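For reference, the structure discussed in these notes is given below.
Keep in mind the model is a prediction, meaning the values are calculated, not measured. Just so it is clear, the values below take in all heavy atoms, side chains as well, and ignore hydrogens, waters and symmetry mates.
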Amino acid sequence: MSEGAPETQESKPVDYVTLVSAEEYEFILDRRAAEMSKMLKELIRGSETVGITIRRFPFDDISAPVLDYLCQYLAERHATGSSMSEFTPLRALDPKNEEDKTTAIELLMAANYLDC
């Protein structure tokens, strides 16, 4: 490759992926953290086997607050190996608060969907 030429996707591995919520908020996540989700890992690696690299994943059914929690969880799981039951923000939600209860249920459903 000549000096000053831009690197192509083939010559440089993807370091980050972008997850997009239903409201179109974008969350940038380290690829290794994203790959804590079996579904995202298969999407990332599957695209590479056919010669393309997908870096942006829209989730039309996952709200921004839930996707934010999910990204935090994937990053924490990558860093510490913790499980969803050990995830501090989830444990901080108040089960007596209706909004917190809904958030917790949506987070667990999204984690199940993404196979985290």
**Message:** Minimum heavy-atom separation for L29 and C71, please, with both atom names.
**Reply:** CD1-O, 3.8 Å
**Inter-residue atom distance L107.CG - C116.SG, 0.5 Å rounding** = 9.0 Å
**Message:** Suppose we screen for side-chain hydrogen bond (donor to acceptor under 3.5 Å, both in side chains). Which residues come up paired with S63, at least two apart in sequence or across chains?
**Reply:** none
**Prompt:** How long is the gap from CG on L70 to CG on L19, to the nearest 0.5 Å?
**Reply:** 7.5 Å
**Request:** Find the distance between CG (D60) and CD (E23) and round it off to the nearest 0.5 Å.
**Result:** 10.5 Å
**Item:** Hydrophobic cluster identity match, L108 and Y69, side-chain contacts under 4.5 Å
**Value:** yes
**Residues D94, K96: salt bridge by 4.0 Å N-O rule** = no
**Request:** With the side chain counted from C-beta on, respond yes when V20 and R56 share a heavy-atom pair under 4.5 Å apart, and no when they do not.
**Result:** yes
**Request:** Any pair with a residue in residues 78-92 that passes side-chain hydrogen bond (donor to acceptor under 3.5 Å, both in side chains), sequence neighbours left out, goes on the list, sorted by first then second residue, please.
**Result:** E76-S82, T80-S82, S83-S85, S83-E86
Solution key, residues 33-43 side-chain donor-acceptor pairs under 3.5 Å, sequence neighbours excluded:
from: E35; atom 1: OE1; to: R45; atom 2: NH2; distance (Å): 3.1
from: E35; atom 1: OE2; to: R31; atom 2: NE; distance (Å): 2.9
from: E35; atom 1: OE2; to: R31; atom 2: NH2; distance (Å): 3.3
from: S37; atom 1: OG; to: M39; atom 2: N; distance (Å): 3.4
from: S37; atom 1: OG; to: L40; atom 2: N; distance (Å): 3.1
from: S37; atom 1: OG; to: L114; atom 2: O; distance (Å): 2.5

**Message:** Walk me through whether I44 and V17 qualify under side-chain contact (heavy atoms from CB on, under 4.5 Å).
**Reply:** CA-CA 9 Å; I44 293 166; V17 296; 3.8 Å; yes
**Item:** Pairs involving residues 97-108, ordered by first then second residue, that meet side-chain hydrogen bond (donor to acceptor under 3.5 Å, both in side chains) (sequence neighbours left out)
**Value:** none
**Message:** Measuring from atom CG of L67 to atom CD1 of I62, what distance do you get when rounded to the nearest 0.5 angstrom?
**Reply:** 6.0 Å
**Request:** For residues 27-63, pull every pair meeting ring pair (Phe, Tyr, Trp, His ring centres under 6.0 Å), keeping only residues two or more places apart or in separate chains.
**Result:** none
**Request:** Sequence neighbours left out, what pairs pass ring pair (Phe, Tyr, Trp, His ring centres under 6.0 Å) with at least one residue falling in residues 84-116?
**Result:** Y73-F87
**Derivation of the side-chain contact (heavy atoms from CB on, under 4.5 Å) call for R77 and M84** = CA-CA 8 Å; R77 183 169 175 209; M84 183 59 80; over 6 Å; no
